[in-house]
There are 2 protein chains.
Amino acid sequence: MTIKDVCEKFGITADTLRYYEKVGAIPKVGRSQGGIREYDDEALSWVQNAVCLRKAGVSVEAIAEYVRLFNMGDETFEARLDLLSKEREELGKQLAELTEAVDLLDWKISRYRKAVETGVLTWDKEEGE
Amino acid sequence: MTIKDVCEKFGITADTLRYYEKVGAIPKVGRSQGGIREYDDEALSWVQNAVCLRKAGVSVEAIAEYVRLFNMGDETFEARLDLLSKEREELGKQLAELTEAVDLLDWKISRYRKAVETGVLTWDKEEGE
DNA sequence: GTACTATATGGAGTTGGCTCCAAGTCAAGT
DNA sequence: ACTTGACTTGGAGCCAACTCCATATAGTAC
């Protein structure tokens, strides 16, 4: 699979993909004789991992650290577990903050729907809503 | 309430608070004769709004746009509703991506717990887990 | 009033994560 | 073989959101 295919598959640019490889967020990708990247299934699953975690806000640095530990072999199971656990904890916090913001927005939106309807904006909670 | 109190209350720096005011993510805060910021309840709720939305990843620019519309008065109910709805939609996507990443991490963590226990890392789903 | 700490301002600097560019190489079509 | 378009590299540039700094003024304790 070429870099272009991978880009399309994951909705990211070739530059981003090369950048991830450069900083180690994915392991080195195999090349053709000509030096062109060829993504196999394993490479793809690394890309998927990186893209998924990045979308959730995990830093490129943390992802790269995981890859580094992975490449060091079986001695690093615990270190990897620690790393993943810490990141998981962060995402838990992030999830709580996101939920809070969603609630805030939903509340405001409900008030503005009413305001658009009635011409008056109120922040009072009313009965029967 | 002084800027320091507000910082402590929300866990952000004074610089950030001044920055939010400068770019309009919160309305101008009242000052003492000497020019020192004095946050009243209304100012506090604007700060809370900004902090909550920022933590969820809403851009400073979007928050400032909301404040701008707010200051324009009742003519902008619909514009504000549109803005909030769009941001709400973004947060919905973000929530889905975050949840996906959490699931990924939880799965990996479960595998690594087993690996630390047994010395062998496997990615096979097993019966009875 | 003096000393000391907090705050104000404008503007420069930093960081993370891309994003773009130049110059060159590779691959596919004709 | 030649053209055209995709891919390569190293490195520069960009943007959002802070973060830091220098200098000056305000408030507080004694």
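Labels below follow one simple rule: chain letters A, B, ... track the order of the sequence lines, proteins then strands, and each chain is numbered from 1. Since the structure is predicted, the reported quantities are computational estimates derived from the model, not experimental observations.
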Using whole Å, what does the distance between atom [atom2] of nucleotide [N] and atom [atom1] of [X] come to?
{"X": "B:K4", "N": "C:dT5", "atom1": "NZ", "atom2": "P", "result": "12 Å"}
{"X": "B:E38", "N": "C:dA6", "atom1": "CD", "atom2": "C1'", "result": "14 Å"}
{"X": "A:E21", "N": "D:dG10", "atom1": "CD", "atom2": "C1'", "result": "14 Å"}
{"X": "B:M1", "N": "C:dA6", "atom1": "CE", "atom2": "P", "result": "17 Å"}
{"X": "B:L53", "N": "D:dA17", "atom1": "CG", "atom2": "C1'", "result": "15 Å"}
{"X": "B:D5", "N": "C:dA6", "atom1": "CG", "atom2": "P", "result": "12 Å"}
{"X": "B:R31", "N": "C:dT7", "atom1": "CZ", "atom2": "P", "result": "13 Å"}
{"X": "B:I26", "N": "D:dA17", "atom1": "CD1", "atom2": "P", "result": "15 Å"}

*asked:* On the nucleotide D:dA6, are OP1 or OP2 found under 4.0 Å from the side-chain N or O atoms that A:T2 carries?
replied: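 No, outside the criterion.
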*Please state whether the phosphate of D:dT8, meaning OP1 or OP2, lies under 4.0 angstrom from any side-chain nitrogen or oxygen of A:R37.*
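Yes, because at least one side-chain N or O of A:R37 sits under 4.0 Å from OP1 or OP2 of D:dT8.
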*Hey, does B:V29 have a side-chain heavy atom less than 4.5 Å from the side chain of B:E38?*
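No, every pair of side-chain atoms sits at 4.5 Å or beyond.
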*Would you say the side chain of B:Y39 lies within less than 4.5 Å of the side chain of B:L17, judging by non-hydrogen atoms?*
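A side-chain contact under 4.5 Å exists here.
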*Start with the C-alpha distance between A:M72 and A:L69, add both sets of side-chain angles, then the distance that settles side chain to side chain contact (heavy atoms under 4.5 Å, CB included), and finish with yes or no.*
CA-CA 5 Å; A:M72 290 174 66; A:L69 290 170; 4.2 Å; yes
*Hey, what's the ring geometry for A:Y66 with B:Y112, parallel, tilted or perpendicular (30° and 60° as the breaks)?*
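A:Y66 vs B:Y112 ring planes: perpendicular.
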*Mind checking whether B:W46 and B:F70 have parallel, tilted or perpendicular rings, split at 30° and 60°?*
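Perpendicular: the ring planes of B:W46 and B:F70 meet at over 60°.
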_Does atom CG (B:D41) have a neighbourhood of more than 12 heavy atoms from anything else shown, all under 6.0 Å?_
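Count not over threshold, so no.
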_For nucleotides 17-30 of chain C, give me one character per nucleotide, 5' to 3': B if any protein heavy atom sits under 4.0 Å from the base, S if the only such contacts are to the sugar-phosphate, - if neither._
BBBB-----SS---
